[in-house]
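Working notes, beginning with the structure itself.
Any value given below was found using the heavy atoms of this structure, including those in side chains, with hydrogens, waters and symmetry copies removed. Note that the structure is predicted; figures quoted are calculated from it, not measured.
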Amino acid sequence: MVELLDRKKSANWPGLIGRCVVSFILVLLTQFSQFLVPQFFFDLPVFIQLLLSALLLLAVVGAVGWCRRLLRVRASAPAFVFFSVLFVWVVYIAIVRRVATHLMDLLFNGQIILLIFGLCRMLSSDPGLVSYSPSPLDVIAQSSSLEIDTYHQETEFLTSSPYLRRSTEADTELGDRVRCCQICKAYVKGFDHHCPAFGNCIGHKNYLLFMVLLIGFLWTEATYLVCLSQSQSVVPDGDGTRLEISLSRKVASSTMLFSILQLVWQVVFLLWHMYCICFNIRTDEWIHWKRYPEFQIFIQSSHGERSSEVRFKNPYDKGVLQNLKEFMASKR
């Protein structure tokens, strides 16, 4: 019987505060690395600056990973996301807002507030956690019974078991498929992946919120870039000294590079999830399909012997599911 799990745990506030402080320092370090590009390569084309920014980000990630192992300190990914959003917001208020139109100003500030609210909501959301007793099919998936010498026994079991019919016919909806998160060690209905940036599993109950947040980040970053492009200069020529104007331009340019890089990978991520939605599959099922027998098809030779080749099939895709039903009907 499936029952909801109680996820309430006592918070370790000293450790949580320490991780937030580390995340804040990492945000400053990341933004400083982005600032170095317009500081020294301001006259280069934007594409070259983007490449340099990406290389610097990779260098920062590698250095942070090395320091984490050396100093044994940990950061909080959700806190890193929150402080990154806050940093861009501060830059917008201090610099970019002066040249933004009233409409874009209201739009961007509203988007930031909604993003922060959505992040807090995602942290506390239930992805669809359940207490779950593994079925015989799950036991097969996690055991060594998928070896070649037991293939015929497995085939007979999988084609005759009523659980297979529930898996392919009744449980074709994403929310009905229970998967195990290897990070949380918990079973989640419609499990897609564990998202470190949002500090939670993404499952049946919060998948819509995840997609809304992803689109919200894309929209907010696009709005920020539009605000930057509304004027050739970030600040009016008469405000401040030449040094202040130059510094403001470079800070705004660094956040622009950071936003474009985020926009690029988030667009790819959004397209991936749109693909998953269209073909009724989850990220975890696509990556770890060898864990789940219903995603495996074994290739047989012309003599009826099983070969060692195992291919991927999606039994939850409507077209493939119809073919599987016809195959099972022909065996009756």
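- Other residues, nucleotides and ligands place more than 12 heavy atoms under 6.0 Å from the CZ atom of Phe269.
- One finds the CG atom of Asp192 at 5.0 Å from the CZ atom of Arg282 (value rounded to the nearest 0.5 Å).
- For the pair Thr101/Met104, a side-chain contact is recorded, criterion being any heavy-atom separation below 4.5 Å from C-beta on.
- Looking at every heavy atom in both residues, Phe191 comes nearest to His194 through CZ-N, 3.7 Å.
- Side-chain atoms of Lys185 come within 3.5 Å of backbone atoms of Gln182 as a donor-acceptor pair (strictly under, hydrogens ignored).
- For Thr255, the side chain to side chain donor-acceptor pair (under 3.5 Å) partners are Tyr224, not counting sequence neighbours.
- When every heavy atom of Phe42 is checked against every heavy atom of Gln49, the shortest pair comes out as O-NE2, 3.3 Å.
- Between His273 and His193, the two ring planes are tilted [angle within 30° to 60°].
- Summarising the hydrophobic clusters (Ile, Leu, Val, Met, Phe, Trp, Tyr; side-chain heavy atoms under 4.5 Å, direct or chained), the residues clustered with Val268 are none.
- Sorted by first and then second residue, the side-chain hydrogen bond (donor to acceptor under 3.5 Å, both in side chains) pairs involving residues 78-91 (not counting sequence neighbours) are Trp89-Asn109.
- Residues meeting the side chain to side chain donor-acceptor pair (under 3.5 Å) test with Glu221, sequence neighbours left out: Gln266.
- Contact check for Asn206 versus Asp126: no side-chain heavy atoms found under the 4.5 Å cut-off.
- In this structure, the ring of Phe279 has its center less than 6.0 angstrom from the ring center of Tyr275.
- Put simply, OG1 on Thr30 and CZ on Phe258 are 6.5 Å apart, with the number rounded to the nearest 0.5 Å.
- A cation-pi arrangement is not found for Arg19 relative to Phe24, the charged atom failing to lie both closer than 6.0 Å to the ring centre and inside a 45° cone about the ring normal.
- Using a 4.5 Å heavy-atom cutoff, the side chains of Val188 and His204 are not in contact.
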Walk me through whether Val212 and Phe217 qualify under side chain to side chain contact (heavy atoms under 4.5 Å, CB included).
CA-CA 9 Å; Val212 170; Phe217 271 97; over 6 Å; no

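- Between Gln34 and Pro38, the closest heavy-atom pair is O-CD, 3.0 Å.
- For Trp219, there are no side chain to side chain donor-acceptor pair (under 3.5 Å) partners, not counting sequence neighbours.
- Listed by first then second residue, pairs satisfying side-chain hydrogen bond (donor to acceptor under 3.5 Å, both in side chains) with a partner in residues 63-78 number zero, not counting sequence neighbours.
- Looking at Asp105 and Arg97, a side-chain N of the basic residue comes within less than 4.0 Å of a carboxylate O on the acidic one, giving a salt bridge.
- Arg98 places a side-chain N or O within 3.5 Å of a backbone atom of Ala94 that can act as its donor or acceptor partner.
- Rounding to the nearest 0.5 Å places CG of Leu29 at 9.0 Å from SG of Cys67.
- The distance from atom SG of Cys227 to atom CZ of Phe108, rounded to the nearest 0.5 Å, is 6.5 Å.
- Here Leu26 contributes atom CG and Gln31 contributes atom CD; the two are 11.5 Å apart, rounded to the nearest 0.5 Å.
- Side-chain heavy atoms closer than 4.5 Å link hydrophobic residues (I, L, V, M, F, W, Y) into clusters, and following such links, even through other members, never connects Ile17 to Leu86.
- Taken together through direct or relayed side-chain contacts under 4.5 Å among Ile, Leu, Val, Met, Phe, Trp and Tyr, Phe117 and Leu218 form parts of separate hydrophobic clusters.
- The backbone N or O of Ser125 sits less than 3.5 Å from a side-chain atom of Asn200, completing a donor-acceptor pair.
- For the atom pair Leu57 CG and Leu257 CG, the distance stands at 9.5 Å (nearest 0.5 Å).
- Aromatic pair Trp286/Trp272: centroids less than 6.0 angstrom apart.
- Taking 4.0 Å as the cut-off between side-chain N and carboxylate O, Arg177 and Glu285 count as a salt-bridged pair.
- Of all heavy-atom pairs between Cys181 and Cys201, the closest is SG-SG, 3.5 Å.
- Proximity of Leu52 to Leu44: side-chain heavy atoms (C-beta onward) are separated by under 4.5 Å at one or more points.
- Among all heavy-atom pairs drawn from Ile202 and Tyr207, the shortest one is CG2-CD1, 3.6 Å.
- Hydrophobic clustering, with ILVMFWY side chains joined whenever heavy atoms are under 4.5 angstrom apart, keeps Val90 apart from Leu225.
- Placement of Ile93 and Val91 within a single hydrophobic cluster is found when ILVMFWY residues are connected by side-chain heavy-atom separations under 4.5 Å, directly or transitively.
- Under the 4.5 Å side-chain heavy-atom criterion for Ile, Leu, Val, Met, Phe, Trp and Tyr, Ile25 and Leu70 are members of distinct hydrophobic clusters.
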Does the pair Leu129 and Tyr187 meet the rule for a side chain to side chain contact (heavy atoms under 4.5 Å, CB included), with working shown?
CA-CA 6 Å; Leu129 292 175; Tyr187 287 94; over 6 Å; no

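- Nearest heavy-atom pair across Val37 and Ser53 is CG2-OG, 3.6 Å.
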I would like to know whether Phe82 and Ile116 meet side chain to side chain contact (heavy atoms under 4.5 Å, CB included); could you show each step before the answer?
CA-CA 7 Å; Phe82 171 78; Ile116 294 176; 3.9 Å; yes

